[in-house]
Amino acid sequence: MAYRYRVRYEETQKTLEPVCELFDVDNSEITMRFVAAGLGIFVLVFMFIYGDPGGGTLPGILFFLVKYVAAWAALAVAATIINKTVWRKAVRATAAGDAEEISKYRREKDGKKITSQIDFYEDHFESVTKIKTREFDYGRAIKLLESERAFGIVIKTDKNIRAVIGFPKEALIEGDLEELKNFLLEKCPNVKNKIKKLR
């Protein structure tokens, strides 16, 4: 069976960094949402157990809840803004460190240059290195990610763990990136016809 699109690149710190950044930025956004949601629920429960919201009257409690939900929404907006500005710089620094560590580990393990290849077929895609080939059904894709420098597919592994199969955009050697994106939107039923843009 012939592939439709092919990605190939040599794994170095420079080429791995945009892929690590893609994964780290997505994880950061998920973490911020969980923190904001968890903190909001904790404070609400704490107030009802140890405080006296609204003076114990029904109108008072309803007014308290309206104010509380507004404050919680403001917290979520603030967390999103912080995540996309100040925190994003820290995430980029982490991605650079991750890329250096992964590159060093793989060189030590294999002892030579490692070439990564991803082939996209009609019914599946394959991640190919000299060490092993991993095959993935498009149905396992749960999210498509795109940043300025990289593109990635978030999948659920056999152990129900999230993993990102990603590549630097310039690594697409056969096919057009826009065509590949449309192809994946059509083939991946669980991504809800949407690519998450990471800025």
Side-chain angles (χ1 to χ4, degrees), residues 1-33 80-81 83-85 87-96 98-100 102-103 106 113-158 160-199:
M1 183 187 299
Y3 61 84
R4 291 278 302 271
Y5 303 94
R6 172 167 282 175
V7 167
R8 187 187 293 134
Y9 64 98
E10 183 185 324
E11 288 190 0
T12 64
Q13 183 179 344
K14 185 179 177 181
T15 58
L16 287 171
E17 188 176 324
V19 178
C20 290
E21 185 180 337
L22 203 64
F23 182 73
D24 290 346
V25 168
D26 185 51
N27 271 349
S28 169
E29 289 189 0
I30 292 168
T31 302
M32 280 290 196
R33 285 193 194 114
T80 300
I81 291 168
N83 184 52
K84 290 188 175 182
T85 53
W87 188 247
R88 187 62 50 86
K89 291 180 182 178
V91 170
R92 285 188 175 133
T94 301
D98 290 346
E100 182 179 7
I102 292 168
S103 177
R106 291 189 180 173
K113 293 179 181 178
I114 298 175
T115 300
S116 252
Q117 183 173 299
I118 307 170
D119 293 328
F120 296 91
Y121 297 88
E122 281 298 322
D123 59 349
H124 72 283
F125 65 100
E126 295 178 356
S127 174
V128 182
T129 64
K130 191 172 183 180
I131 301 166
K132 66 179 174 179
T133 297
R134 294 179 298 164
E135 183 177 313
F136 302 99
D137 182 87
Y138 291 114
R140 290 168 77 179
I142 56 171
K143 198 186 292 184
L144 300 176
L145 303 175
E146 183 179 11
S147 69
E148 188 180 331
R149 302 188 294 163
F151 189 85
I153 306 167
V154 181
I155 59 157
K156 281 280 182 82
T157 66
D158 293 332
N160 212 27
I161 299 170
R162 289 172 75 252
V164 174
I165 308 298
F167 58 90
K169 286 183 174 178
E170 66 270 14
L172 182 65
I173 60 168
E174 297 202 23
D176 174 76
L177 186 59
E178 291 305 314
E179 287 178 9
L180 173 59
K181 288 194 277 189
N182 289 330
F183 174 80
L184 291 172
L185 286 170
E186 182 184 316
K187 293 292 181 181
C188 301
N190 298 317
V191 302
K192 298 174 183 172
N193 203 31
K194 179 176 152 186
I195 297 173
K196 183 177 179 182
K197 309 274 188 182
L198 303 175
R199 304 290 179 206

Can you give me the closest heavy-atom contact between [X] and [Y], atom names plus distance?
X      : Y      : value
Leu185 : Lys194 : CD2-N, 3.3 Å
Lys143 : Val191 : N-CG1, 3.6 Å
Ala141 : Ile153 : CB-CG2, 3.6 Å
Tyr138 : Glu122 : CE1-O, 3.6 Å

Does the side chain of [Y] come within less than 4.5 Å of [X]'s, by heavy atoms?
X      : Y      : value
Asn190 : Lys156 : no
Phe151 : Ile195 : yes
Phe167 : Gln117 : no
Phe125 : Ile165 : yes
Tyr5   : Ile118 : no

Can you check whether [Y]'s main-chain N or O pairs, donor with acceptor, with [X]'s side chain at less than 3.5 Å?
X      : Y      : answer
Lys169 : Ser147 : yes
Lys187 : Asp123 : no
Ser127 : Arg134 : no

Name all residues meeting the side chain to side chain contact (heavy atoms under 4.5 Å, CB included) criterion together with Thr115; count only those two or more places apart in sequence or in a different chain, and write none if there are none. Arg8
Is Arg149 salt-bridged to Glu170, cutoff N-O under 4.0 Å? no
Rounded distance (nearest 0.5 Å) linking atom [atom1] of [X] with atom [atom2] of [Y]:
X      : Y      : atom1 : atom2 : value
Lys192 : Ile142 : NZ    : CD1   : 10.0 Å
His124 : Phe136 : NE2   : CZ    : 10.5 Å
Glu135 : Asp119 : CD    : CG    : 11.0 Å

List the steps and the verdict of side-chain contact (heavy atoms from CB on, under 4.5 Å) for Phe120 and Leu184. CA-CA 9 Å; Phe120 296 91; Leu184 291 172; 4.0 Å; yes
Where do Glu11 and Ser116 land on the side-chain hydrogen bond (donor to acceptor under 3.5 Å, both in side chains) test, with the steps shown first? CA-CA 7 Å; Glu11 288 190 0; Ser116 252; 2.6 Å; yes
Do any side-chain atoms of residues 174-181 form donor-acceptor pairs under 3.5 angstrom with protein atoms, and if so which ones, sequence neighbours left out?
{"from": "Glu174", "atom 1": "OE1", "to": "Tyr3", "atom 2": "OH", "distance (Å)": "3.0"}
{"from": "Glu174", "atom 1": "OE2", "to": "Tyr3", "atom 2": "OH", "distance (Å)": "3.0"}
{"from": "Asp176", "atom 1": "OD2", "to": "Glu178", "atom 2": "N", "distance (Å)": "3.1"}
{"from": "Asp176", "atom 1": "OD2", "to": "Glu179", "atom 2": "N", "distance (Å)": "3.1"}
{"from": "Glu178", "atom 1": "OE2", "to": "Lys181", "atom 2": "NZ", "distance (Å)": "2.8"}
{"from": "Lys181", "atom 1": "NZ", "to": "Glu146", "atom 2": "OE1", "distance (Å)": "3.1"}
{"from": "Lys181", "atom 1": "NZ", "to": "Glu146", "atom 2": "OE2", "distance (Å)": "3.0"}

Those residues at least two apart in sequence (or on a different chain) that pass ring-ring contact (aromatic ring centres under 6.0 Å, His included) with Tyr9 are none
